[in-house]
Q: 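Have a look at this one before I ask anything.
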Amino acid sequence: MRLVTWNVNSLRARMPRVVEFLEAHAPDVLCLQEIKCSEEQLPHLDLQASGYRVVAYPGGPREGVAVLVPADQEVGNVRCGLPDEPDPGEARWIEVEVGDLTVGSVYVPNGREVGSPTYEAKLAFLDALRARFAELSSPLVVAGDFNVAPTDADVWDPDVFDGATHVTEPERERFGALLETGLVDAFRAVEPDTRQFTWWDYRGGSFHKNEGMRIDAVLATPDIDVGSCGIVRDFRKGKKPSDHAPLLAELALPEGANRG
DNA sequence: ATGGCCGACTCGGTCGGA
């Protein structure tokens with residue numbers, strides 16, 4: 001199956017690119033973050049016209065997560081929000097069952113400034129995320145914007161980010177703790193040595209200079225075979241792109257899972 | 001020269017993003 005995660009930085013602003021993506025890549029599951037819209041603003045009809053249904057946890061003007069599946073795909077056991085997350089009003093986690101696969105779409109807080117209350121909340125959110133992983137059964141995929149560059153190989157210049165959020169040891173320890181629950185960072189599993197990014201700042205021609213970070217990820221339980229996992233850079237180009245590129249994984253579920 | 005871009009909210013200028 002083809003599973004994609006994409007921080008779209010406003011679903012309303014990004015709909016033309018989302019529709020283009022659905023037509024070009026026909027994902028079986030598309031996890032979205034930063035949809036930035038209310039329940040009433042969800043573009044159900046436009047997505048339906050592209051053959052997809054959206055299951056969303058809409059939030060305030062800055063968050064919101066969703067999962068898109070083909071319109072004929074059943075979706076079960078939708079759950080929004082993490083037990084014990086620090087700011088339950090922020091829409092940063094949705095989990096659904098697609099066949100026998102459990103899928104989570106996550107938008108980890110940015111953290112803003114090291115040592116700030118929002119930074120502490122980011123760490124607490126990552127702790128709550130790990131706790132939820134331990135409760136979910138495999139096969140499981142959690143995909144989204146983790147707002148952590150796991151190692152120095154995931155930033156274009158470690159010196160630029162020295163002491164900044166996304167690269168601090170407490171953040172990296174917590175990302176590592178997510179993997180210690182048994183999940184595999186799909187991109188790193190198939191691309192152990194490359195330096196590639198999923199996010200580039202809009203400013204200063206960062207994308208053109210390839211000054212980015214790898215902060216989006218697909219994490220999968222080890223019973224799932226990762227055939228490939230790659231960054232769809234074309235969708236960071238062109239008209240009104242998000243500042244994140246989609247991350248696309250081809251996954252083979254274990255025997256008996258998600259038949260049909 | 002220490003910002004450059006973008007979107008939401010709202011209709012001018014902040015705030016947040018990473």
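Everything numeric in this text was worked out from a predicted model, so none of it was measured. To find a chain, count down the sequence lines: A is the first, B the second, and so on, and within it residues start at 1. Note that these values count all heavy atoms, side chains included, but never hydrogens, waters or copies made by symmetry.
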Q: When the C1' atoms of B:dG17 and B:dG4 are compared, how many Å lie between them, rounded to an integer?
A: 15 Å

Q: To the nearest Å, how far apart are A:E211 CD and B:dG4 P?
A: 16 Å

Q: Where the side chain of A:R112 is defined as all heavy atoms beyond and including C-beta, which of B:dG17, B:dG7, B:dA8 is the nearest nucleotide?
A: B:dG17

Q: Which whole-number value in Å describes the distance from A:K36 NZ to B:dC9 P?
A: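 In whole Å, B:dC9 P lies 9 Å from A:K36 NZ.
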
Q: Could you tell me how far apart A:E90 (CD) and B:dC15 (C1') are, to the nearest whole angstrom?
A: 14 Å

Q: Using the C1' atom in both, what is the distance from B:dT2 to B:dC11, to the nearest Å?
A: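 One C1' to the other, the span is 30 Å.
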
Q: Output the rounded distance in Å from CD (A:E34) to P (B:dC6).
A: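 My rounded result for the distance is 15 Å.
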
Q: Using distance alone, with no hydrogens and no angle criterion, decide if A:Y202 and A:N9 have a side-chain donor and acceptor under 3.5 Å apart.
A: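 On atom types as modelled, these side chains qualify, holding a pair under 3.5 Å.
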
Q: Using distance alone, with no hydrogens and no angle criterion, decide if A:S105 and A:Y57 have a side-chain donor and acceptor under 3.5 Å apart.
A: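 No donor-acceptor contact under 3.5 Å links the two side chains.
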
Q: Whole angstroms only, please: what is the CG-C1' distance between A:N9 and B:dG7?
A: 6 Å

Q: We want to know whether A:W200 and A:D243 form a side-chain donor-acceptor pair, criterion being a heavy-atom distance below 3.5 angstrom.
A: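 Short answer, no.
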
Q: Are A:S50 and A:E23 linked by a side-chain donor-acceptor pair shorter than 3.5 Å?
A: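 No, no side-chain donor-acceptor pair sits under 3.5 Å.
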
Q: Check each residue of residues 199-207 of chain A for a non-hydrogen atom within less than 4.0 Å of any atom in DNA chain B, then write out the ones that pass by number, or none.
A: A:W199, A:Y202, A:R203

Q: Over how many whole Å does the gap from A:R92 atom CZ to B:dG16 atom C1' extend?
A: 11 Å

Q: Could you go through A:T118 and A:E113, starting from their C-alpha distance and side-chain angles, then the distance that decides it, and tell me whether this counts as side chain to side chain donor-acceptor pair (under 3.5 Å)?
A: CA-CA 7 Å; A:T118 48; A:E113 202 170 330; over 6 Å; no

Q: Please measure how far the P atom in B:dC15 lies from the corresponding atom in B:dG3, and state the result in whole Å.
A: 15 Å

Q: Tell me whether the centres of the aromatic rings in A:F21 and A:W6 are closer together than 6.0 Å.
A: yes

Q: Looking only at side chains, do A:E97 and A:N77 share a donor and an acceptor under 3.5 Å apart?
A: yes

Q: Are A:E34 and A:S10 linked by a side-chain donor-acceptor pair shorter than 3.5 Å?
A: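 Per modelled atom types, A:E34 and A:S10 side chains form no pair under 3.5 Å.
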
Q: Can you tell me how far P of B:dC5 sits from NZ of A:K239, to the nearest Å?
A: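 Rounded to whole Å, this separation is 19 Å.
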
Q: At under 4.0 Å between heavy atoms, what does A:D216 touch on the DNA or RNA strands: base, sugar-phosphate, or nothing?
A: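 A:D216: no heavy atom of the nucleic acid under 4.0 Å.
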
Q: Strictly below 4.0 Å, heavy-atom distances to any atom of DNA chain B: list the hits from residues 149-163 of chain A, or just say none.
A: none

Q: Scan every strand shown for a Watson-Crick or G-U wobble partner of B:dC6, both distances under 3.5 Å, and answer none if you come up empty.
A: B:dG16

Q: Assuming nearest nucleotide by heavy-atom distance, tell me which of A:P109 and A:K209 is located more 5' along DNA chain B.
A: A:K209

Q: Using a heavy-atom cut-off of 4.0 Å across all strands, would you classify A:T165 as base, sugar-phosphate, or nothing?
A: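 Nothing, no nucleic acid heavy atom in range.
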
Q: Regarding A:D201 and A:S206, is there a side-chain donor-to-acceptor distance under 3.5 Å anywhere?
A: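 Their side chains do not contain a donor-acceptor pair, so the 3.5 Å distance test is not met.
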
Q: Hey, which sits more toward the 5' end of DNA chain B by its nearest nucleotide, A:K240 or A:Y107?
A: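 Looking at the nearest nucleotide for each, A:K240 comes out on the 5' side.
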
Q: So, is A:R12 near the phosphate of B:dC9, with a side-chain N or O under 4.0 Å from OP1 or OP2?
A: yes

Q: What is the separation between atom CG on A:N7 and atom P on B:dG17, rounded to the nearest whole Å?
A: 11 Å

Q: For the pair A:Q33 and A:T5, evaluate side chain to side chain donor-acceptor pair (under 3.5 Å) and give the outcome as yes or no after the intermediate values.
A: CA-CA 8 Å; A:Q33 301 85 38; A:T5 185; 3.0 Å; yes

